Amino acid sequence: MEIRRSVCALDCPDACSLLVHVEDGQATRLRGDPEHPVTRGFLCGKVAQYLEREYSPDRLLYPQKRTGAKGEGRFERISWSEALGTIAERLSAIARDHGSQSILPYSYAGTMGLLNNCGMDRRFFHRLGASRLDRTICSATGGAALTATLGLRYATEPEQFRHAKLILAWGANIHGTNVHLWPFIVEARRNGAKLVVIDPLRTRTAALADQHLAIHPGSDLALALGLMHVIIGEGSHDADYVSHYTNGFDELAKLARDYPPARVATLTGIAAEDIVQLAREYASLRPAIIRLNYGMQRSERGGAAVRAIAALPALTGSWKEVGGGMQLTTSQAFQFNTAALEMPELQLRSPLARQGKSEARLVNMSELGKVLTELDDPPVKAVVVYNSNPAAIAPHQNKVLRGFRREDLFTVVLEQFPTDTTDYADLVLPSTTFLEHSDIYRAYGHHYVQLARPALDPPGEARSNVEVFRELALRMGFDDQCFRDSEDTMIRSVLRSGHKFLEGITLERLEREHSIRLNVSAPGTPFLPFAEGGFGTPSGKCEFDAQTLAYTPPVESRFGDPALRERYPLELVSSKNDDSMNSTFGNRALVDEATSRLHIHGGDAVARGIQDGDRVRVFNDRGSLLLRADVDGVVPPGVVRVPSVRWNKKAEDGANANALTSDRLTDLGGGPALYSCLVQVERCGD
Ligand SMILES: Nc1nc2c(c(=O)[nH]1)N[C@H]1C(S)=C(S)[C@@H](COP(=O)(O)OP(=O)(O)OC[C@H]3O[C@@H](n4cnc5c(=O)[nH]c(N)nc54)[C@H](O)[C@@H]3O)O[C@H]1N2
Ligand SMILES: Nc1nc2c(c(=O)[nH]1)N[C@H]1C(S)=C(S)[C@@H](COP(=O)(O)OP(=O)(O)OC[C@H]3O[C@@H](n4cnc5c(=O)[nH]c(N)nc54)[C@H](O)[C@@H]3O)O[C@H]1N2
Ligand SMILES: [Mo]
């Protein structure tokens with residue numbers, strides 16, 4: 001038995017360091033590296049089962065071309081040579097006839113590895129002059145909010161949570177989606193810390209907390225302003241920190257005066273005394289830390305909510321304390337040379353240059369339905385999908401699928417599995433998993449750079465994204481040297497940014513050490529990103545910007561558009577399923593079962609004649625969905641939940657929660673307001 005090393009590439013804050021037990025070339029076991037400071041020797045439920053996925057009989061092994069209608073999923077095997085030749089020919093013809101911007105890449109974070117996520121693919125599409133994709137589907141709203149308020153998407157590291165005395169999990173299902181933070185919280189609680197969860201749902205995390213505040217979806221901005229009302233009103237803010245390192249305090253104090261606890265209680269559904277207590281504890285139980293995750297920013301006012309919450313640690317001076325501050329994402333600390341990896345300047349060698357353009361148009365992935373059915377000048381004529389399953393994960397699914405069914409759309413999908421999206425492809429190319437290719441990894445929940453080499457051989461004829469786009473570039477006749485770069489050349493160039501956080505981190509060192517902490521602070525000392533200001537905003541200060549923070553409820557919410565609410569009185573939260581990863585693992589029966597449930601409150605169920613286990617129809621103007629009712633105390637009155645998302649093709653009605661979600665954008669960053677969604681539910685005979 002040999003132990004090989006790898007890194008979990010799934011789209012998760014934890015980016016775990018893995019040990020792969022291999023016997024006769026076959027992996028027999030996956031383990032979390034016990035020596036990694038954040039992985040700490042254990043894996044989440046889904047990745048512990050990853051070998052089942054790795055060796056699944058459903059894996060795509062060969063290139064295929066479509067033989068049935070779009071959406072039917074009937075294919076026949078072809079050679080790589082035929083597949084790549086056809087793609088090169090079709091893309092060339094489409095670029096010639098409709099302009100290069102009629103070609104659209106569509107990708108997200110199926111793998112977080114830089115080379116396969118945003119490496120050779122970016123170079124290829126830039127050289128082609130294709131439309132650029134604005135990758136907003138997940139974190140754009142929160143990211144834009146942090147940039148506006150803090151200027152840098154830096155965060156308290158997970159290792160410091162053990163020093164906190166108060167931990168707020170705010171729109172963060174830590175135990176479900178970020179379980180490697182949990183042991184640090186357990187340690188803090190052993191030392192007397194209190195854990196408060198602010199979440200509409202009684203998640204795994206909420207059930208394990210000291211206190212659960214079941215907030216109305218989309219009302220976090222009001223709660224943050226209510227906390228400020230109490231903190232500033234009682235003078236428990238840190239006047240010294242505020243005066244040195246922030247801008248706009250007087251306007252913020254004025255705004256907060258309009259949000260007394262009684263008013264905020266009505267807006268949020270949280271009792272006034274709980275709001276006062278939380279504010280007092282946040283200001284006095286020191287250090288206090290906020291683990292914000294992306295849940296709350298998938299709502300119409302999510303950007304302003306994140307801005308207001310990100311102002312709290314500056315208001316109380318919590319950034320000064322070890323175990324204080326806030327974590328939404330650590331991602332920007334990975335100051336890689338992404339320009340060297342992605343090479344946007346290749347657009348100057350594309351057909352765009354002949355039209356006097358230095359870069360292609362930017363197309364928002366969260367509006368894919370509109371993009372495929374309405375976008376003009378030029379319309380999208382070809383879409384190349386990789387690292388994503390848009391037929392399942394993109395909002396306003398019926399519009400998305402109408403787009404994918406267009407006979408005049410040429411669709412290529414690089415995939416490991418026969419997903420809902422591959423069913424619409426003209427050509428499907430089999431992809432390697434992270435256990436089978438080289439890559440370099442960042443994380444969004446810790447500060448370790450990691451390297452992975454292939455631990456296993458690819459099955460059949462699967463190839464990595466890097467290999468496919470390299471080969472396609474050659475077939476298209478792109479003779480630029482960068483399309484001959486090896487993986488190692490790409491890794492070296494991405495590490496060479498000159499930023500002090502990466503100083504001394506080389507491929508050779510990664511080869512020896514596998515995982516290396518960024519130089520965010522001296523070894524053994526905590527990273528305190530904003531202890532002495534140092535914000536990345538133009539002013540260098542934390543920007544409160546009170547004029548952006550007045551609260552209005554989302555259109556699709558209990559206090560939103562009254563006419564809409566009349567027809568669709570329930571708020572749907574289609575948040576993450578604990579034991580899968582977006583649509584990845586949707587082939588598993590257990591996942592399909594969990595993601596086919598509608599959690600509904602007892603009162604709302606009785607009012608509709610619904611009993612636990614009944615078949616129900618959930619619907620709004622955008623679509624309809626058949627599920628099993630689960631009357632189990634997970635949701636408060638007025639809220640329903642579908643753990644997300646299942647594979648449409650596994651369902652009798654061929655749909656999932658995104659048949660209901662809207663493609664309305666949030667207030668910042670162009671992200672999708674997935675969790676601002678009104679629906680109605682009815683009982684449905686068997
Ligand atoms: N098990 C598992 N882990 C995952 C994933 C997965 O699918 N499954 N997905 C990965 C990905 S892509 C991401 S981005 C991260 C996301 O990780 P999280 O952000 O933790 O995940 P979400 O489930 O989107 O949202 C977190 C919580 O926010 C709550 N929430 C929803 N609306 C509101 C609101 O208006 N206010 C408040 N306060 N809370 C609200 C939800 O009920 C949910 O419990 O997780 C990653 N990890
Ligand atoms: N209703 C609802 N919708 C949501 C969400 C929600 O909470 N609720 N969450 C949103 C969020 S936060 C996100 S991040 C998106 C996620 O949406 P996606 O990024 O589409 O994520 P997955 O559904 O996990 O699909 C990733 C696909 O990439 C493939 N893949 C993995 N590695 C590779 C590789 O190396 N090469 C290739 N070619 N393919 C690979 C996997 O097989 C998988 O099918 O969904 C969004 N949609
Ligand atoms: Mo995400």
Side-chain angles (χ1 to χ4, degrees), residues 9-14 44-46 53 60 106-113 116-117 121 137-139 142 169-174 176-179 197-206 213 215-220 223 291-299 301-302 305 328 366 385-390 392-395 397 413-417 419-422 429-434 436-437 439 444-445 462 464-466 468 554 557 571-586 635 639 641-645 656-658 660-661 671-672 674-677:
L10 296 185
D11 183 359
C12 165
D14 300 0
C44 65
K46 53 199 174 299
R53 179 177 165 83
L60 296 171
Y106 192 97
S107 73
Y108 202 64
T111 172
M112 296 264 294
N116 286 284
N117 177 286
D121 55 313
I137 197 83
C138 170
S139 62
W170 198 331
N173 177 14
I174 298 168
T177 61
N178 170 207
V179 69
V197 171
I198 305 167
D199 195 309
L201 311 180
R202 192 170 166 78
T203 59
R204 261 190 210 174
T205 316
L213 302 173
I215 191 169
H216 292 332
S219 67
D220 302 271
L223 178 60
R291 174 51 163 137
L292 195 63
N293 211 330
Y294 287 108
M296 114 214 356
Q297 50 101 64
R298 306 189 215 289
S299 123
R301 294 287 282 145
L328 173 55
S366 298
V385 180
Y386 52 102
N387 300 340
S388 184
N389 182 11
I393 63 86
Q397 185 166 93
V413 181
L414 285 65
E415 251 301 348
Q416 300 160 345
F417 276 73
T419 63
D420 291 322
T421 308
T422 60
L429 305 177
S431 302
T432 44
T433 68
F434 61 85
E436 299 155 7
H437 55 236
D439 219 321
Y444 58 99
S464 72
N465 297 341
V466 172
V468 173
S557 74
E571 295 175 288
L572 170 69
V573 177
S574 56
S575 57
K576 312 294 183 197
N577 181 43
D578 286 340
D579 299 314
S580 50
M581 170 63 56
N582 305 308
S583 75
T584 303
F585 303 105
V635 292
V639 177
R641 168 182 201 225
V642 189
S644 290
V645 290
N656 69 21
N658 284 316
L660 303 167
T661 54
L674 288 163
Y675 299 171
S676 297
C677 179

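Both counts, for ligands and for their atoms, begin at 1 and track the order of listing. Starting from 1, each residue takes its place in the sequence as its number. What you see is a predicted model; the values in this text were computed from it and never measured.
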Chemist: If you have a sec, work out which protein heavy atom is nearest atom 43 (C) of ligand 2 and how many Å separate them, to one decimal?
Modeler: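 Ranked first by proximity to atom 43 (C) of ligand 2 is Glu415 OE2, 3.3 Å.
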Chemist: Where does Ser644 meet ligand 2, judged by heavy-atom distances below 4.0 Å: at the side chain, the backbone, both, or neither?
Modeler: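 The answer is the side chain of Ser644.
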Chemist: Consider every N or O of Pro390 and every N or O of ligand 2, then say whether any pair is closer than 3.5 Å.
Modeler: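 Such a contact does not occur with ligand 2.
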Chemist: Does Leu674 approach ligand 2 within less than 4.0 angstrom via side chain, backbone, both or neither, non-hydrogen atoms only?
Modeler: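 Only the side chain of Leu674 comes within reach of ligand 2.
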Chemist: Could you tell me whether Thr584 approaches ligand 2 through its side chain, its backbone, both or neither, with non-hydrogen atoms closer than 4.0 Å?
Modeler: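 It is both backbone and side chain that touch ligand 2.
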Chemist: Under a heavy-atom criterion of less than 4.0 Å, does Ser580 contact ligand 1?
Modeler: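 Under 4.0 Å: yes for Ser580.
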Chemist: Identify which of Tyr444, Tyr294, Tyr108 has a heavy atom lying nearest to atom 13 (C) of ligand 1.
Modeler: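 Nearest option to atom 13 (C) of ligand 1, by heavy atoms: Tyr444.
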Chemist: Check for me whether Thr432 has a heavy atom closer than 4.0 Å to any atom of ligand 2.
Modeler: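 Yes.
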Chemist: Could you tell me the residue and atom name of the protein heavy atom closest to atom 5 (C) of ligand 2, and the distance to it rounded to 0.1 Å?
Modeler: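 Here the nearest protein heavy atom works out to Lys576 NZ, 3.6 Å.
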Chemist: For ligand 2, is any non-hydrogen atom under 4.0 Å from Ala109's backbone (N, CA, C, O), its side chain (CB onward), both, or neither?
Modeler: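 Looking at Ala109 and ligand 2, just backbone atoms fall under 4.0 Å.
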Chemist: Answer yes or no for Arg53: is there a heavy-atom contact with ligand 2 below 4.0 Å?
Modeler: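 Arg53 counts as a contact of ligand 2 under the 4.0 Å cut-off.
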Chemist: Are any of the N or O atoms of Asn173 closer than 3.5 Å to those of ligand 1?
Modeler: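 For ligand 1, there is an N or O atom that lies under 3.5 Å from one belonging to Asn173.
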Chemist: Can you list the residues that meet the salt bridge (charged side-chain N to carboxylate O under 4.0 Å, His left out) rule with Asp579, with sequence neighbours excluded?
Modeler: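 Counting only residues at least two positions away or on another chain, Asp579 forms a salt bridge (charged side-chain N to carboxylate O under 4.0 Å, His left out) with Arg204.
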Chemist: Can you check which of Thr419, Asn293, Leu60, Ile137 brings a heavy atom nearest to atom 15 (C) of ligand 2?
Modeler: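 Shortest heavy-atom distance from atom 15 (C) of ligand 2: Ile137.
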Chemist: Classify the contact between Asn387 and ligand 2 as side chain, backbone, both or neither, using a heavy-atom distance cut-off of under 4.0 Å.
Modeler: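 Both the backbone and the side chain of Asn387 come within reach of ligand 2.
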Chemist: Under 3.5 Å, N or O to N or O, is Gly295 touching ligand 1 that way?
Modeler: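 Yes, there is a polar N/O contact under 3.5 Å.
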Chemist: In chain order, what residues pass the side-chain hydrogen bond (donor to acceptor under 3.5 Å, both in side chains) check against Asp121, with sequence neighbours excluded?
Modeler: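 side-chain hydrogen bond (donor to acceptor under 3.5 Å, both in side chains) list for Asp121, sorted by chain: Tyr386.
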Chemist: Looking at ligand 1, would Arg298 count as a contact under a 4.0 Å heavy-atom criterion?
Modeler: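 So Arg298 counts as touching ligand 1.
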